[in-house]
2 protein chains.
Amino acid sequence: MTIAVKPRARALRTRDEAIVAAPVLPLNRILRGDCIAEMRALPSGSIDMIFADPPYNLQLGGDLARPDGSHVEAVTDDWDKFDSFAAYDAFTREWLAEARRLLKPNGSIWVIGSYHNIFRVGAILQDLGFWILNDIVWRKANPMPNFKGTRFTNAHETLIWAAKSEKAKYTFNYRAMKTLNDELQMRSDWVLPICSGQERLKRNGAKAHPTQKPEALLYRVLLSTTNKGDVVLDPFFGTGTTGAVAKRLGRSFIGCEREDAYIEVAEERIAAALPLDESALTTMQSKRTAPKVAFGQLVEAGWIAPGTRLFDKKHRLSATVRADGSLAADGIESGSIHGVGAKLQGAPSCNGWTFWHLEHEGEIKPIDALRQRYLLAVED
Amino acid sequence: MTIAVKPRARALRTRDEAIVAAPVLPLNRILRGDCIAEMRALPSGSIDMIFADPPYNLQLGGDLARPDGSHVEAVTDDWDKFDSFAAYDAFTREWLAEARRLLKPNGSIWVIGSYHNIFRVGAILQDLGFWILNDIVWRKANPMPNFKGTRFTNAHETLIWAAKSEKAKYTFNYRAMKTLNDELQMRSDWVLPICSGQERLKRNGAKAHPTQKPEALLYRVLLSTTNKGDVVLDPFFGTGTTGAVAKRLGRSFIGCEREDAYIEVAEERIAAALPLDESALTTMQSKRTAPKVAFGQLVEAGWIAPGTRLFDKKHRLSATVRADGSLAADGIESGSIHGVGAKLQGAPSCNGWTFWHLEHEGEIKPIDALRQRYLLAVED
DNA sequence: CCAGCTTATGAATCTGACG
DNA sequence: GCGTCAGATTCATAAGCTG
């Protein structure tokens, strides 16, 4: 399956070729090399979601390269500190700008970090025009203690979730998240264990990667903000947690990684990951995307007879169903179940499905219950 | 007691006078005016700790209504309006630079914010030479829900705690925090309720300030990073939570505030605050809440694979686990473990944890057993 | 007086399809 | 792009009210 190769997007060739043949995305592959260079070779507006776990370490030195590839020396004195922040900012601005170019207009990005880098990442995201949707706190169930007792135990990491722009229609699987959280809205603080035990990948007895993220974290990220079949890019692929979870959840991935050792571990791991089958993958559908039923349909199908009286929950307001599915009530203009409900209450808006009730054998039930039964009956 | 006056620090007069007489700090007073101007009049290196709750620069759209139609009161005050990120950054840089000048060499600063502003604040703190010690997450026990179901519930705010410089010997009362936390190290995530009920200050029936912070939050901040007798500056004093808690804990405060209405409320409040005695101190400890586990957590953590079949105890009813932790069963709408269990039995309700069972090596066990084991595994 | 029910509210970047 | 309108959407607390 996954083979680490340089992508040869046709967009890089002549303009005519690019017009004739749409660029081919290197789906489910790990691109070996620096993420900025690799991202440059991919076509604009082609990615649904980006998950990025960029380097955190500013002051530890050694690992950070400037955008031009030159090495940033380890810094010890105050004089150099500003220089190191500037270098980190430049690097961050560069890969985030590429990331933004690659995103589809309605795509979104996740970046994870700690207090060492996340404030710089967040500010640059905003400066580049990304629109922050949430900051998520991964509350570690089992963090490393502060051994010297000098500070509060650093028990969390922060993720930023941002849309490409303010007006973007981003993907958010609200119902799936609410279901995952026992019918309560999913909050911005997530309690999850760190990656350990069987899940932690080893090589020669040592951990294969210093900052391997738990699959549960990626599971929630991918389930909440992508759809089946979406393309997810991870510019700092490491040992491929993003790829493994994407495969399980029926999403495609593209990874960038510089280190051969990590690529090797990732490929093995992803090859072993099992995709979930169709039925397990189905998630709770939001009513927004569910097939719509007009109130008039219930009337014409005979589920509600014209002339039926509807009431509000407390039986204080009432209206009469007419043949075309409109409602009539005393003293106001007739109209839709929503409009009449709103006018009777003097409210700016009203969901007629939950506001209006039917009396049936002494019981009073919202008309939405009828709609649910109708939906089940006509669905096949 | 507290009187709102312009400070006339002697440092502003002739150099000779400043040398002869040390500047007098306006202790336990509220300085009426713009915080930058007021801070400029205070002497350098005179403050032990600064707590700041600056404007968040929320950028709200139109009106927001709850699902029941009621109106959500927004923060629309002029003090939270900025023309651009650049304008907000310039303002932030200016007050933070003054704050740094005022701090003693071993002093520290706290700033609270949300994703709207905290990334900019954090980056500027670093740029100015502050040394971040922790980012603290205030996990709200009772946040406002996301009424429209468009994002994750914004259930936390972030505090940054930073020393004046990397080498500073800052104050951290490790033992006090460990004691407060039932002999476990205090973590970087704090669960505290929002300010409501009796604690919420009112004027003419309306809240006196739109963003009043809970005293418990300031209590923990002051107890952890100041000593008795220390001087605490709050540049955005509002209705004086910092002042009230400082008085209770035997610290001195200096507040800056522009609005007369807030100053009046704060003075009254602080006058009524009683310094704490030992016995009252023990009652301040936060309640530990029992951790809850959603069924979906077990799925995303890999403890139950999507596609798994669940059965009732007598193996007569069954359902399939889906990726978002919902259950699917023949002939009924899918839903939560509780809802599907109820519907299949035709019961009004059902505890899915004890109703559903897993088959494992011939044995059949309630999923609640799994939950217990999961709790043990993720518990601190 | 208490139990149970109803109402109020909190730093919120809070809809989307169609004409 | 803008106006219109169907219709989707909430959790924890505390205070107030009723019987």
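Since the model is a prediction, treat every value here as computed from it, not as a measurement.
Counting non-hydrogen atoms under 4.0 angstrom, A:K167 reaches nothing in the nucleic acid. Looking at heavy-atom distances under 4.0 Å, B:P193 makes no contact with the nucleic acid at all. If you check every strand for non-hydrogen atoms under 4.0 Å, B:T211 touches a base. No contact: B:T153 has no heavy atom under 4.0 Å from any strand. In this structure, B:G62 reaches the bases: a heavy-atom distance under 4.0 Å links it to at least one base atom across the strands shown. Residue B:D53 is classed as a base contact, given a heavy-atom separation below 4.0 Å to a base. Note on A:L184: only backbone sugar-phosphate atoms sit closer than 4.0 angstrom, heavy atoms only; bases stay farther off. If you check every strand for non-hydrogen atoms under 4.0 Å, B:P54 touches a base. Using a 4.0 Å heavy-atom distance criterion, B:N154 is classed as a sugar-phosphate-only contact.
Between B:K140 and A:K314, the residue anchored nearer the 5' end of DNA chain C, judged by the nucleotide with its closest heavy atom, is A:K314. In terms of position along DNA chain D, the nucleotide closest to B:G149 lies nearer the 5' end than the nucleotide closest to the other residue of the pair B:G149 and B:Q198. Residue-to-nucleotide proximity on DNA chain D shows that, of A:F295 and B:A141, the 5′-proximal contact is made by A:F295. Sequence order on DNA chain C of the closest nucleotides to B:K148 and B:W138 puts B:W138 first from the 5' end.
Interface remark: the B:R151 side chain does form a donor-acceptor pair with the C:dT13 base, using a distance-only criterion of under 3.5 Å. Judged by distance alone with a 3.5 Å cut-off, no donor-acceptor contact links the side chain of A:R371 to the base of D:dG7.
With distances taken from any side-chain atom of A:K178 to the nucleotides D:dT9, C:dT13, D:dT10, the minimum falls on D:dT10. Picking from D:dA6, C:dT13, C:dG16 the nucleotide with the shortest atom distance to the side chain of A:R288 gives C:dG16. Of the candidate nucleotides C:dA11, C:dC14, D:dA8, C:dA11 has the atom nearest to the side chain of B:L58. Of the candidate nucleotides C:dC14, D:dC11, C:dG16, C:dC14 has the atom lying nearest to any side-chain atom of B:L64. Out of C:dA12, C:dG10, D:dT9, the shortest distance to the side chain of B:K207 is found at C:dG10. The side chain of B:P145 lies closest to D:dC11, out of D:dC11, C:dA11, C:dT13. With distances taken from any side-chain atom of B:N142 to the nucleotides D:dT9, C:dA11, D:dA12, the minimum falls on D:dA12. Here D:dA14 is the nucleotide among C:dA11, D:dA8, D:dA14 with the atom lying nearest to any side-chain atom of B:S196. Of the candidate nucleotides D:dG7, C:dA11, D:dC11, D:dG7 has the atom nearest to the side chain of A:S349. Distance from the side chain of B:D80 is smallest to C:dA11 among D:dA12, C:dA11, D:dA6.
Taking atom P on both C:dG10 and D:dA8, the two are 28 Å apart, rounded to the nearest angstrom. Comparing C:dT13 with D:dA12, their C1' atoms are spaced 23 Å from each other, to the whole Å. Comparing the same atom, C1', in C:dA12 and in D:dC5 gives a spacing of 24 Å after rounding to whole Å. When the P atom is compared between D:dT9 and C:dA11, the two are found 25 Å apart, to the nearest whole Å.
Rounded to whole Å, atom P of D:dT10 lies 6 Å from atom CD of A:Q185. In this structure, the CG atom of B:D63 is 15 Å from the P atom of C:dG10, given to the nearest Å. Put simply, CD on B:E73 is 8 Å from P on C:dT9, counting in whole angstrom units. In this structure, the CE atom of A:M186 is 15 Å from the C1' atom of D:dC11, given to the nearest Å. The NE2-P distance, from A:H338 to D:dC5, rounds to 13 Å in whole Å. Look at OH on B:Y56: it is 6 Å from C1' on C:dA11, rounded to the nearest Å. For the pair B:R200 CZ and C:dT9 C1', the interatomic distance rounds to 9 Å; values are reported in whole Å. Note: CZ (B:R66) to C1' (D:dT10) measures 9 Å, nearest angstrom.
Within the 4.0 Å cut-off from OP1 or OP2 of C:dT13, not a single side-chain nitrogen or oxygen of A:Y170 is found. Distances shown here put every side-chain N or O of B:K213 at or beyond 4.0 Å from the OP1 or OP2 atom of C:dA11. Between A:S336 and the phosphate of D:dA6, there is a side-chain N or O to OP1/OP2 separation shorter than 4.0 Å.
Screening B:D234, B:L233, B:T239 against B:F237 for a side-chain contact (heavy atoms from CB on, under 4.5 Å) leaves a single residue, B:D234.
Stacking annotation: A:W131 is stacked on the base of C:dT13 (ring centroids less than 5.5 angstrom apart, interplanar angle below 30 degrees).
The closest side-chain donor-acceptor pair between B:T153 and A:R187, if any, does not fall under 3.5 angstrom. For the residue pair B:T92 and B:R120, no side-chain donor N or O sits within less than 3.5 Å of a side-chain acceptor on the partner. Using modelled atom types, one finds a donor on one side chain and an acceptor on the other under 3.5 Å when comparing B:H116 with B:S114. Side-chain contact of A:S224 with A:R220: a donor-acceptor pair under 3.5 Å is absent, judged by distance alone.
Nucleotide C:dA11: unpaired (no Watson-Crick or G-U wobble partner with both distances less than 3.5 Å). Nucleotide C:dC2 forms a pair with D:dG19, judged by Watson-Crick or G-U wobble geometry with both contacts under 3.5 Å. Across every strand in view, D:dT9 sits unpaired, with no contact that passes the Watson-Crick or G-U test at under 3.5 angstrom. Pair assignment for D:dG3: C:dC18, on the basis of Watson-Crick or G-U wobble contacts that are both within less than 3.5 Å.
In terms of modelled atom types and a separation under 3.5 Å, the side chain of B:E199 and the main chain of B:C195 share no donor-acceptor contact. Checking side-chain atoms of A:S188 against main-chain N and O of B:A155 turns up a donor-acceptor pair under 3.5 Å. The main-chain N or O of A:D230 is never found under 3.5 Å from a side-chain atom of A:N227 such that the two would form a donor-acceptor pair.
By the 4.5 Å heavy-atom criterion applied to side chains, B:V245 and B:V221 are not counted as neighbours.
The glycosidic torsion of D:dT9 lies more than 90° away from 0, placing the base in the anti range.
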